[in-house]
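Computed over heavy atoms, backbone and side chain alike; hydrogens, waters and symmetry mates excluded. Chain letters run A, B, ... following the sequence lines, proteins first, then strands; residues in each count from 1. As the structure is a computational prediction, the values presented were derived from the model and not from experiment.
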Amino acid sequence: MAMSKISLRKCNGILSISSFHISYSYFSSYSRSSKVKGRVVLNFEKLKCLDDAVTLFHQMVRMKPLPSVVDFSKLFKTMTSMKHYSPVLSLFRQMRKLGIPIDGFILNSVINSYCLMHRADFGFSVLPIYLKNGIPFNNVTFTTLIRGIFAENKVKDAVELFKKLVREKICVPDEIMYATVMSGLSKRGHTQKTLSLLRLMEQGNTQPDIYMYNIVIDALCKDGNLDAAINILNEMKQKGIHPDILTYNSLIDGLCKLGQWEKVKTLFSEMVNLNMYPDVRTFTILTDGLCKEGKVEDAEEVMKHMVEKGVEPNVITYNVIMDGYCLRGQLDRARRIFDILIDKGIEPDIFSYNILINGYCKKKKLSKAMQLFREISKKGSKPNIVTYNTILQGLFEVGRIGVAKQLFVEMVSTGPVPNLSIYHTLLDGYFKYRLVEEAMSLFNKLEGKKENIDITSYNIIINGLSKNGELDKAHAIFQKLSSIGLLPDVRIYTTMITGFCLQGLLDEAKDMLRKMEGNNCLPDNVTYNVIVQGYLRCRKINEMVTFMKEMTGRGFSFDTTTTELLVNAISENPSVVDMLPELHAEIKK
DNA sequence: ATAGGGTTAG
């Protein structure tokens with residue numbers, strides 16, 4: 001049987017079949033030729049860009065005999081992995097028009113493309129095509145849809161579909177479907193539901209495997225629930241399911257974040273004893289844990305150690321170290337690390353830039369930050385939403401409003417689509433510089449598109465208005481919150497209380513505190529400090545003492561500002577001390 | 001033969 005190997009070279013329209021180079025015109029006659037028989041082997045790995053894929057598709061549909069549906073599936077898969085989702089759909093439409101046979105594999109691919117475009121609804125609209133063509137649905141079809149629904153954060157819908165499939169016996173969920181549901185739940189913070197599903201599986205016919213255990217353990221670790229995570233670890237061991245490097249990496253990460261270094265050591269030795277070698281992620285987790293505690297030197301030791309063990313640090317390892325130095329304000333050190341990374345031939349990624357830019361912004365070195373910002377595009381990369389947010393915050397911080405506005409305009413025209421964080425930065429910035437009208441006009445625009453606003457946005461507005469002498473307006477907005485279905489949270493109550501205190505309206509502040517408790521929203525440390533500060537500033541010591549007792553009774557304490565105000569009040573009028581027997585020892589210090 | 005799943009960094 002004659003077999004020809006066809007590959008596409010770059011986008012230049014030249015095909016090579018075996019060792020021959022032929023042009024399109026030749027190829028056309030080839031495809032008309034009835035002499036060529038047997039299967040044509042298409043090489044999809046050589047496809048470099050969308051054009052390659054589309055060109056190949058057009059060649060494929062002209063081939064006689066037509067390539068098998070398997071080849072079309074492979075082409076779609078290649079395109080999907082290049083993130084060209086919508087072209088997959090247009091090619092699929094062309095296949096349908098040309099009457100090219102389809103199967104369940106290709107339909108699942110089409111659904112996956114829709115899902116990856118965050119259009120699971122269109123994914124569902126593919127289902128009738130299965131029915132019309134007598135193609136059965138299978139677990140892949142539904143798993144793909146469930147994953148797509150989760151990707152749109154529609155947790156309830158995803159779970160409902162899964163339950164319906166089980167309840168109505170439309171399919172028998174396999175390991176992958178369970179893992180997909182569990183991963184979808186765990187990534188969105190539903191750890192208990194994830195755990196419940198694991199328990200449900202244990203009772204059924206499909207036993208959980210290492211994947212499910214890893215998902216559950218990782219979710220528990222991310223919640224800081226290490227005791228539960230370690231219990232699950234022991235359970236799986238007992239069942240004869242061996243933990244793998246992912247299990248250990250999740251656990252070590254959780255323990256590092258809790259600062260439980262002794263337990264980190266124990267688990268680290270345990271994995272080594274099991275002949276499981278710590279990988280670049282393990283070491284990066286340790287590096288990160290140390291950096292977050294300010295122990296960057298120790299982190300650098302870990303990096304040396306890993307190199308000795310033959311594990312090469314990657315860009316993330318270096319990023320973690322850079323961030324460690326930035327957190328300590330050692331920008332020069334961070335910039336060395338950056339240069340070392342480049343020296344080693346490792347490409348800095350957008351995180352590397354964001355870390356350094358953030359470091360410079362925190363030090364108010366905006367020209368350095370901007371310089372790096374411009375470098376990103378020159379190096380062929382693109383600033384992302386975090387980059388813009390960091391720079392915008394930095395610019396507002398140093399009062400360069402004009403440049404900030406310019407940058408925002410630039411972002412709207414060429415950058416990533418602004419998200420809520422960006423708008424919050426702008427609103428905060430405008431209020432900070434008393435640009436109340438600008439802030440409010442932006443806010444009104446955002447309010448028009450309801451999905452673009454949340455309780456934090458209102459917090460910024462209420463805070464901004466009350467700090468700019470518009471307490472009444474702030475209060476009015478606060479009062480309409482419940483009518484638009486937003487429940488005030490502790491932060492927003494505290495903002496209102498702060499506003500009242502700043503105007504010396506202490507009765508209103510007190511009423512608000514009682515009101516929040518009535519609404520089952522308990523004041524926190526900040527709330528109490530704010531109200532105590534209000535009374536201290538007005539030298540209303542008796543009332544202050546009432547709240548002081550209340551807050552200490554609830555386990556809260558004075559912050560530095562409150563303490564300072566108290567010290568001032570005492571130095572002004574030493575008899576204040578007599579009213580504070582509980583604090584005598586503290587005050588003497 | 002071709003379609004769906006788990007870990008680290010801002």
Quick one: is [N] close enough that its OP1 or OP2 comes under 4.0 Å of any side-chain N or O from [X]?
{"X": "A:K292", "N": "B:dA9", "value": "no"}
{"X": "A:K257", "N": "B:dA9", "value": "yes"}
{"X": "A:K74", "N": "B:dA3", "value": "no"}
{"X": "A:K77", "N": "B:dA3", "value": "yes"}

Exercise for review: Under the side chain to side chain donor-acceptor pair (under 3.5 Å) rule, collect the residues that match up with A:K295, sequence neighbours excluded.
Suggested key: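 Listed in chain order: A:E293.
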Closest nucleotide among [options] to the [X] side chain:
{"X": "A:D103", "options": "B:dG6, B:dT2, B:dG5", "answer": "B:dT2"}
{"X": "A:N214", "options": "B:dG6, B:dG10, B:dG4", "answer": "B:dG6"}
{"X": "A:D209", "options": "B:dG6, B:dG5, B:dA3", "answer": "B:dG5"}
{"X": "A:S250", "options": "B:dG4, B:dT7, B:dG10", "answer": "B:dT7"}
{"X": "A:R147", "options": "B:dG10, B:dG5, B:dA9", "answer": "B:dG5"}
{"X": "A:N249", "options": "B:dG10, B:dT7, B:dG5", "answer": "B:dT7"}
{"X": "A:V320", "options": "B:dG4, B:dT8, B:dA9", "answer": "B:dA9"}
{"X": "A:M177", "options": "B:dG4, B:dA1, B:dG6", "answer": "B:dG4"}
{"X": "A:N112", "options": "B:dT8, B:dG4, B:dA9", "answer": "B:dG4"}
{"X": "A:V140", "options": "B:dG6, B:dA3, B:dT2", "answer": "B:dA3"}

Review point. Between the side chains of A:Y248 and A:E270, does any donor sit under 3.5 Å from an acceptor?
Key: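 Per modelled atom types, A:Y248 and A:E270 side chains form a pair under 3.5 Å.
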Check your understanding: Judged by modelled atom types alone, do A:D349 and A:Y318 share a side-chain donor-acceptor pair under 3.5 Å?
Key ->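 Short answer, no.
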Less than 3.5 Å between a donor and an acceptor, one on the side chain of [X] and one on the base of [N], is that the case here?
{"X": "A:N389", "N": "B:dG10", "answer": "no"}
{"X": "A:T180", "N": "B:dG5", "answer": "no"}
{"X": "A:N138", "N": "B:dA3", "answer": "yes"}

With sugar-phosphate meaning primed atoms plus P, OP1 and OP2, does [X] contact a base, only sugar-phosphate, or nothing at under 4.0 Å between heavy atoms?
{"X": "A:I146", "value": "nothing"}
{"X": "A:D323", "value": "sugar-phosphate"}
{"X": "A:N314", "value": "nothing"}

Report the distance from atom [atom1] of [X] to atom [atom2] of [N], rounded to the nearest whole Å.
{"X": "A:L220", "N": "B:dT7", "atom1": "CG", "atom2": "P", "answer": "14 Å"}
{"X": "A:L341", "N": "B:dA9", "atom1": "CG", "atom2": "P", "answer": "17 Å"}
{"X": "A:L392", "N": "B:dG10", "atom1": "CG", "atom2": "P", "answer": "20 Å"}

Review point. Checking A:R188 side chain against A:G184 main chain: does a donor-acceptor pair fall under 3.5 Å?
Key: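 At least one qualifying donor-acceptor pair exists.
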Review point. Salt bridge between A:E297 and A:R333, side-chain N to carboxylate O under 4.0 Å?
Key: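 Looking at A:E297 and A:R333, the cut-off is not met.
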Review point. Between A:E160 and A:K156, is there a salt bridge with N-O shorter than 4.0 Å?
Key: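 No salt bridge links A:K156 with A:E160.
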Check your understanding: Using the rule for Phe, Tyr, His and the six-membered ring of Trp, do A:Y211 and B:dG6 stack at under 5.5 Å and under 30°?
Key ->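 According to the criterion (under 5.5 Å, under 30°), no, A:Y211 does not stack.
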